[in-house]
Amino acid sequence: MRFLDEVKIRVIAGKGGNGCMSFRREKFIAFGGPDGGNGGKGGDIILEASTERHTLMDLRYRSIIKAGSGQHGGSSQLTGAQGVDEIIYVPVGTLIYIDETDEFIVDLNEHQKRFVIAKGGQAGFGNAHFKSSTNRAPRKFTKGGLGEEVHLRLELRLLADVGLLGCPNAGKSSLLSVFSSAKPKIADYPFTTLKPQLGVVDLGEMQSLVVADIPGLIEHAAEGVGLGNQFLRHLSRCGLLLHLIDSTEGVEGLSNKIMIEKELKEYGSDLYQKERWLVLTKVDLLSAEEKALLVKETQSMKNVFLISSITRDGLTTLKNALRQYMCSND
Ligand SMILES: Nc1nc2c(ncn2[C@@H]2O[C@H](COP(=O)(O)OP(=O)(O)OP(=O)(O)O)[C@@H](O)[C@H]2O)c(=O)[nH]1
Ligand SMILES: [Mg+2]
C-alpha cells in the first residue's frame, strides 16, 4: 500500500432548501393567508483530526466530497430539514491549504480538532416569512443559497519528538525496532523503508517520546532524487534529529554526513537549524582498533553516540541523553 501524505480534494457544501410559496386553503376561511415554510440550511463540510487515521489514502478515491442539501420548505409553514453535514476524518497532523493560492488554513494537530471548511448554503424564506401589516398576502419567497465550494490541498506532517535521518541502510529502522514496540521492515538493501513510521519510546518514569523513521536519503533528495524530499517534511515538526551513519563506512560515512547536511540546507533552513546528534551505528561490526579510532576521531564533537542495535551497545546511553533532552525541553 502506498503511503499517501498529500492529497487534493474539492469540497462542496450542501445547497440551502428553497422557501415555499403557499396559501392556506380551508373550507370556511376566505383568505387563509400565506403559509409557505422556510427551506433547510445546507450541510457543512467539516474536517476532523482522528488518531484512527494514519494516511490520507482513503481520500484519494474521493476527489469530490459533497454535503447534503437542505430540503425545501412546505405548505402549512413546514420548514425543510437541514442538509446533513459531511465530516472528513484526517490523521492528526494534517495541514489544510487552499489549493489555488496555497493559503494555509488550519493545522489539525489534535485528536478531535474540528474545522468547518465550507459552509452550507443559507435556507430560503417561504412566503409566510414576508407577511407584514402592509402585505398580508405576499407572493414573495427566496431560493436557498449555494453551498461554499473550495479546492483543498491536505498535507500530512507526522507529529514526532525525534526524527531519524540518514542514508539508506544506515540502520534507522533497526534502531526504531529496538527502541520502541514498532515493527518496521529491516533488510540489507537500500530503500527498505518506503513510508514514514512512528514508534513510541518508553523512557521510564512515565515519560515517552515519539520517534519518526523516514526513508533513506541520497544525494539530490531535495531536488526529488530517490524517494525525494517528500518525507523530509515529516521531520519538520521534530525538535531533535538523530543523524545515523553506518560506522563501518569509515571516511565515506563522513562524506555522507556532509551530503545529508547539504540536502537539509537545500530543503530549507528550518530543518538545517534543528538540533542534530550524530549516531554511529553497527559498532558491533568494528574491530577494537577501528572502534577506538572512531572514538578518537569524534572526541571533539558534541553529542556523538556509538551504538549497535544488535548487541544493544550504547543504547542506554542514548536513551538517557534523550530523557535529559526531553526534560530540558518540557
Ligand atoms: N551488525 C549490525 N547490523 C545492523 C545494525 N543495525 C542495522 N543493521 C543491518 O543493516 C541493514 C539495514 O538496516 P535497516 O534498519 O533496514 O536500515 P535503514 O536505515 O532503515 O534502511 P532504509 O530503510 O533502506 O533507509 C540490515 O541488514 C540490518 O540488519 C547493527 O547495529 N549491527
Ligand atoms: Mg528503514
Side-chain angles (χ1 to χ4, degrees), residues 7-50 52-53 56 58-90 92 94-101 103-108 110-154:
V7 81
K8 291 181 180 183
I9 53 171
R10 187 172 140 212
V11 296
I12 309 171
K15 279 189 209 139
N18 296 338
C20 169
M21 215 266 300
S22 147
F23 290 92
R24 213 166 109 215
R25 305 256 176 255
E26 275 180 49
K27 222 173 179 178
F28 302 106
I29 302 173
F31 300 102
D35 76 346
N38 300 335
K41 181 189 156 297
D44 296 333
I45 303 272
I46 300 166
L47 294 159
E48 182 174 326
S50 164
E52 278 163 35
R53 298 288 152 115
L56 297 168
D58 27 342
L59 292 177
R60 194 171 153 202
Y61 303 106
R62 300 178 66 198
S63 52
I64 301 179
I65 298 176
K66 291 181 179 173
S69 296
Q71 282 182 359
H72 301 317
S75 49
S76 311
Q77 304 232 24
L78 210 68
T79 304
Q82 283 204 2
V84 180
D85 292 340
E86 178 70 29
I87 303 173
I88 305 171
Y89 293 97
V90 295
V92 175
T94 303
L95 303 173
I96 314 295
Y97 296 86
I98 299 290
D99 190 30
E100 294 96 339
T101 57
E103 183 192 350
F104 168 70
I105 303 296
V106 64
D107 180 359
L108 295 170
E110 271 170 51
H111 181 53
Q112 291 185 333
K113 183 168 172 181
R114 274 184 162 212
F115 189 81
V116 178
I117 192 73
K119 289 207 175 80
Q122 282 187 344
F125 290 119
N127 65 338
H129 172 83
F130 295 101
K131 187 179 163 186
S132 66
S133 53
T134 51
N135 187 357
R136 304 188 69 80
R139 302 188 68 79
K140 185 177 172 188
F141 67 99
T142 59
K143 287 190 167 177
L146 287 178
E148 288 176 343
E149 178 174 341
V150 202
H151 292 246
L152 299 174
R153 184 166 64 80
L154 278 58

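Everything numeric in this text was worked out from a predicted model, so none of it was measured. Reckoned from all heavy atoms, side chains included, excluding hydrogens, waters and symmetry mates.
- Separating the CD1 atom in Ile96 from the CG atom in Leu108 is a distance of 5.0 Å, to the nearest 0.5 Å.
- Residues Met21 and Arg139 are in side-chain contact: their nearest non-hydrogen atoms beyond the backbone lie under 4.5 Å apart.
- Across all their heavy atoms, Lys131 and Pro34 have their closest contact at CD-CG, 3.8 Å.
- Counting heavy-atom neighbours within 6.0 Å of Gln122 CD, excluding the residue itself, gives a total of 12 or less.
- Residues Phe125 and Phe130 share a closest heavy-atom pair of CB-CE1, 3.6 Å.
- What you find for Gly73 and Cys20 is that their closest heavy atoms are O-CB, 3.3 Å.
- Between the CZ atom of Arg114 and the CG atom of Asp85 there is a distance of 7.5 Å, given to the nearest 0.5 Å.
- Counting only distance, with no hydrogens or angles, the side chain of Asp44 and the backbone of Lys119 share no donor-acceptor pair below 3.5 Å.
- In this structure, Ser50 and His111 have side chains that are in contact, with non-hydrogen atoms separated by less than 4.5 Å.
- Atom OG1 in Thr94 sits 9.0 Å away from atom CG in Leu47 (nearest 0.5 Å).
- For Glu52, the CD atom counts as loosely surrounded, since its 6.0 Å shell holds 12 or fewer non-hydrogen atoms of other residues, nucleotides or ligands.
- With sequence neighbours left out, Asp35 forms a salt bridge (Lys or Arg N to Asp or Glu O under 4.0 Å) with no residue at all.
- Rounding to the nearest 0.5 angstrom, the gap separating the CD1 atom in Ile88 from the CD1 atom in Ile46 is 9.5 Å.
- Considering CD1 of Ile98 and CD of Glu103, their distance stands at 6.0 Å, rounded to 0.5 Å.
- Heavy-atom minimum distance, Gly40 versus Ala123: C-CB, 3.7 Å.
- With values rounded to the nearest 0.5 angstrom, Asn18 atom CG is found 8.0 Å from Thr142 atom OG1.
- Taking the side chain as every heavy atom from C-beta outward, Asp58 and Tyr89 never approach each other to under 4.5 Å.
- Across all their heavy atoms, Glu110 and Ala49 have their closest contact at O-CB, 3.2 Å.
- Between Leu154 and Leu59, the shortest heavy-atom distance links the atoms CD2-CD1, 3.5 Å.
- The main-chain N or O of Ser22 is found under 3.5 Å from a side-chain atom of Asn127 such that the two form a donor-acceptor pair.
- Within 6.0 Å of NZ on Lys140 lie no more than 12 heavy atoms contributed by other residues, nucleotides or ligands.
- Note on Glu149 versus Arg10: salt bridge recorded, some NZ/NE/NH1/NH2 to OD/OE distance being below 4.0 Å.
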